[in-house]
Amino acid sequence: MALIEWKSEFSLGVPQVDTEHRELIDLINRLHQRVQLREHDTTMVDFLEELNASAAKHFAHEELMMQARGYTAYEEHHTDHQRLLNEVTAMMFEYQDGVMNNMEVMTERLYDWFCIHFKTHDAPLHRLVHSYIKL
Ligand SMILES: [Fe+2]
Ligand SMILES: [Fe+2]
């Protein structure tokens, strides 16, 4: 079973953003699957680098959308994006330094990494964008 199941609420209705959310979920699910199969060792750093690059691209895109709409919660959302990128970098160092040795904990952190940010910051943005689309 996938760690993060796609839900319709993850969809913004803006195709590029939806594709980016699917990509992030897919990356996390692929890692989870490899951890379950105990096949993660050779790919962990590559995976975290790919997650960092995909997330940075997605966050920049969301931030452009927010700025274009004069979104009032921009600063808080942007700050949380920075925190998420820092967390992926921290996970990479922890793994390389041998501190990160419980992979189940890492996948739980990645579940929270996506889902808590989504619930706290992306969902309110989505509701606003949906209200624009309906106008
Ligand atoms: Fe997002
Ligand atoms: Fe976001």
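In each ligand, atom 1 is the first atom listed, and ligand 1 is the first ligand listed.
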Looking at the Fe ion (ligand 2), which N/O/S atom of [X] is the nearest one?
X: His77; value: NE2
X: Asp122; value: OD1
X: Glu62; value: OE1

Practice problem: Taking the side chain as every heavy atom from C-beta outward, state whether Lys57 and Glu23 have any pair of such atoms under 4.5 Å apart. | Solution: yes

Quiz item: Do Met106 and Leu48 have side-chain heavy atoms sitting under 4.5 Å apart?
Solution: yes

Practice problem: Check each of His126, His117, His61 against His21 using the ring pair (Phe, Tyr, Trp, His ring centres under 6.0 Å) test, and report the only one that passes. | Solution: His126

Quiz item: So, His58 and His81: side-chain donor and acceptor under 3.5 Å apart, yes or no?
Solution: no

Quiz item: Going by atom types alone, do Gln67 and Glu63 pair a side-chain donor with an acceptor below 3.5 Å?
Solution: no

Suppose we only count N/O/S atoms under 2.8 Å; would [X] qualify as near the Fe ion (ligand 1)?
X: His121; value: no
X: Glu20; value: no
X: His58; value: yes

Practice problem: To the nearest 10 degrees, could you say what angle the Fe ion (ligand 2) makes with NE2 of His81 and NE2 of His117? | Solution: 90°

Quiz item: If you look at His21, which of its N/O/S atoms is nearest to the Fe ion (ligand 1)?
Solution: NE2

Practice problem: With salt bridge (Lys or Arg N to Asp or Glu O under 4.0 Å) as the test, would you mind laying out the steps for Arg109 and Asp112 before giving the verdict? | Solution: CA-CA 5 Å; Arg109 279 170 71 182; Asp112 289 345; over 6 Å; no

